[in-house]
Amino acid sequence: MVSNSNINNVKTKTIGEIFSKDPKIICRNVDVFYGEKQAIKDVSIDIASREIISFIGPSGCGKSTFLRCLNRMNDTIDTCKVKGSISLDKEDIYDEKIDVVTLRAKIGMVFQKPNPFPKSIYENVAYGPKIHGLSSSKEELDFIVENSLKDSGLWEEVKDRLQSPGTGLSGGQQQRLCIARAIAVSPEIILMDEPCSALDPIATAKIEELINQLGKNYSIVIVTHSMQQAARISQRTAYFHLGELIEVGETKKIFTMPKDKQTEAYISGRIG
Amino acid sequence: MNKNNSKMLTADEASKIVASSVIRRRKKDARLKTYGRIAIGLAVSFLIFLFVSIFSKGIPGFFQYYVTLDVYLDRDRLDPKGDLSPESLYNGDARSIVLESLYKVINPKGRKEKKAAKKIISSNADVRISKMVLDNSKILGKTISITFAVDDDIDSFLRGYIKRETPSSERRINDTVIKFVDKLSAENRISYKFSDYILTGSASRSPEIAGIKGAFIGSMLTLAVCFIIAFPLGVATAVYLEEFAPKNRITEIIEVNINNLAAVPSVVFGILGLAIFIGVFGMPRSIPLLGGMVLALMTLPTIIISSRAAIRAVPPSIKDAAYGIGASKLQTIFHHVLPLAMPGMLTGTIIGMAQALGETAPLLMIGMVAFIVDIPGGVTDPGTVLPVQIFMWADFAERMFIQKTSSAIIVLLVFLIFMNAAAVILRKKLERRW
């Protein structure tokens with residue numbers, strides 16, 4: 001447990017409001033190393049319940065690395081070491097007692113490139129509930145699959161071909177299938193790592209609409225290269241630069257009146 | 001700035017230089033193409049030469065000469081005990097019954113001529129009669145015409161390998177025998193047809209009745225043992241090395257050594273098998289179980305290397321997807337990595353098996369070269385394998401074994417082509433695109 005007295009008493013260089021009233025995830029002084037190289041330097045930030053927050057910044061600034069710390073996807077990289085504390089509902093997720101499987105069931109993830117399993121559409125969505133034992137009967141599983149596909153806006157397009165391969169869908173549909181797969185396990189938070197970078201504008205618009213919808217029920221952390229996208233969909237925006245969290249704040253404020261010079265330079269197109 | 005007064009070329013000058021160099025470059029391209037074609041042409045012609053030579057020798061090996069005789073199947077002499085048991089038939093007088101019917105045709109006079117006549121028919125003739133009687137006892141007491149394989153020397157004579165013109169003292173068969181054979185051909189009793197023995201017989205010193213069935217079944221049993229041992233071990237090793245092993249000195253050394261093992265001469269594995277399986281564990285020699293174990297040692301590196309490559313070829317995005325949804329390591333491997341890697345693993349395994357099928361040297365070391373007439377009924381019965389059978393036949397002096405050797409090679413090649421085709425089909429069928 002992280003005690004309440006000192007979580008809001010943290011030294012940070014970050015400009016803006018890193019705290020939230022109703023924090024879901026609390027990150028304090030997070031450092032990430034790849035071997036000798038430090039990829040993230042002293043990042044502290046809160047992520048609130050049911051908020052959409054976007055991470056922006058130039059390539060290689062560490063925003064994806066930081067995102068992957070939140071559900072411990074970095075565990076799969078041997079040389080990666082995480083210091084500092086990240087807690088979900090005030091429980092340290094890097095604690096030895098935390099099982100990474102249960103953590104990832106709570107924090108879903110959508111990747112940059114749509115990566116459906118080379119299985120049927122149904123199997124893709126049903127896989128998560130199956131391995132976690134979330135359904136006790138075929139009917140329940142069918143219900144979960146249908147609901148998840150409806151929530152991801154894919155149901156109408158695929159309801160007649162649930163048994164055809166997920167890899168046969170278009171890029172945008174595949175990405176929505178991946179979102180359906182993530183929400184099928186009823187997570188609390190969804191991490192999205194540039195979910196629209198491989199998609200055309202129409203598919204992107206659909207995904208953005210979907211993210212807006214999902215924001216009502218889930219906390220969503222989205223990494224994006226498109227500042228317009230960040231401006232369109234997120235309530236808060238965090239600007240990363242060279243592994244440091246430079247500025248956090250309400251999206252409107254960040255884009256209209258950035259307090260930091262680097263943020264301003266990036267937003268106006270001078271860095272990046 | 002430029003110190004040596006050179007300046008940028010104009011577009012005109014540049015394009016002239018490019019045009020002149022293009023001709024030179026094109027010529028080089030053409031030359032390389034020609035070399036490539038010559039190389040392929042040579043390789044293909046060697047292959048054609050090999051196939052023509054094997055098939056021209058081997059196809060006749062599937063056929064042989066037979067002599068047809070009218071045999072009176074005397075009940076009392078064939079079956080002295082009268083109970084139709086194999087022992088009774090074995091004790092019977094089939095050999096002399098066959099010879100008597102032969103004498104009726106060629107009328108040999110005196111002991112010398114009779115001795116010569118005996119050489120005409122294969123020593124296997126009595127077994128053939130016993131088998132016929134065992135299959136159908138109603139033929140006893142009747143006179144029926146039966147075809148018998150001729151002795152290998154007569155076969156070679158009929159094929160023209162032993163020449164009439166050669167002086168009698170330098171021939172393997174004398175003039176009397178040739179006279180009898182001429183008489184038999186004159187009466188249309190000699191026939192040339194598909195061999196009864198090559199595919200269904202087993203090892204024998206008499207080439208006319210030698211076949212590859214024993215060796216073929218030995219090969220199948222050996223390969224089955226090899227697969228059962230090598231495939232699970234190889235896949236498990238590959239999965240551990242790729243997914244679980246920490247990247248440190250020790251795993252590096254293991255990796256290097258596995259790669260080296262793939263290049264170790266196969267005879268070394270034979271010696272290893274001899275020393276450990278026979279020497280330490282005291283396993284009986286010449287059995288397919290032992291052969292399979294030795295070949296498994298040999299194929300393991302191949303399987304491990306190809307399985308690792310197949311696992312590595314699984315896109316990391318699929319693993320990310322599985323981990324991202326909360327699958328454990330085991331679930332990720334068994335639900336996603338292995339099914340996607342399976343075609344590659346199986347291809348590597350079949351190629352390893354094909355290699356094992358053609359292997360001779362390590363099996364010689366563990367005694368699978370023994371002369372075994374019985375067809376092995378299980379992995380613990382002594383047996384031999386196809387390549388070793390080929391090796392043995394190639395070593396025998398009788399002329400007829402040359403064709404038999406080529407015939408066995410054809411069977412082995414067909415088997416190999418079949419296995420490689422299976423690998424291709426399997427890969428095509430299981431391959432999934434993502």
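Labels below follow one simple rule: chain letters A, B, ... track the order of the sequence lines, proteins then strands, and each chain is numbered from 1. What you are looking at is a predicted structure, and each value in this text was computed from that prediction instead of being measured.
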Enter the distance from [X]:[atom1] to [Y]:[atom2] here, rounded to the nearest 0.5 Å.
{"X": "A:D75", "Y": "B:Y323", "atom1": "CG", "atom2": "OH", "answer": "10.0 Å"}
{"X": "A:T76", "Y": "B:E243", "atom1": "OG1", "atom2": "CD", "answer": "10.5 Å"}
{"X": "A:Y127", "Y": "B:Q331", "atom1": "OH", "atom2": "CD", "answer": "5.0 Å"}

Around atom [atom1] of [X], are there more than 12 heavy atoms of other residues, nucleotides or ligands at under 6.0 Å?
{"X": "B:K33", "atom1": "NZ", "answer": "no"}
{"X": "B:M419", "atom1": "CE", "answer": "yes"}
{"X": "B:F281", "atom1": "CZ", "answer": "no"}
{"X": "B:F334", "atom1": "CZ", "answer": "no"}
{"X": "B:I250", "atom1": "CD1", "answer": "no"}

Is [Y] close to [X] at the side-chain level, that is, under 4.5 Å between some pair of heavy atoms?
{"X": "B:I318", "Y": "A:P118", "answer": "yes"}
{"X": "A:R68", "Y": "B:D320", "answer": "yes"}
{"X": "B:H335", "Y": "A:E123", "answer": "no"}
{"X": "B:I325", "Y": "A:R104", "answer": "no"}

Checklist entry - What are the two closest non-hydrogen atoms of B:A321 and A:F117, and how far apart are they? => result CB-CE2, 3.7 Å
Checklist entry - With a 4.5 angstrom heavy-atom cut-off, which part of A:L103 approaches chain B: side chain, backbone, both or neither? => result neither
Checklist entry - Using non-hydrogen atoms only, which part of A:F111 is less than 4.5 Å away from chain B: side chain, backbone, both, or neither? => result side chain
Next on the checklist: Counting heavy-atom pairs closer than 4.5 Å to chain B, which one of A:K113, A:R181, A:M109 comes out on top?
Outcome noted: A:R181
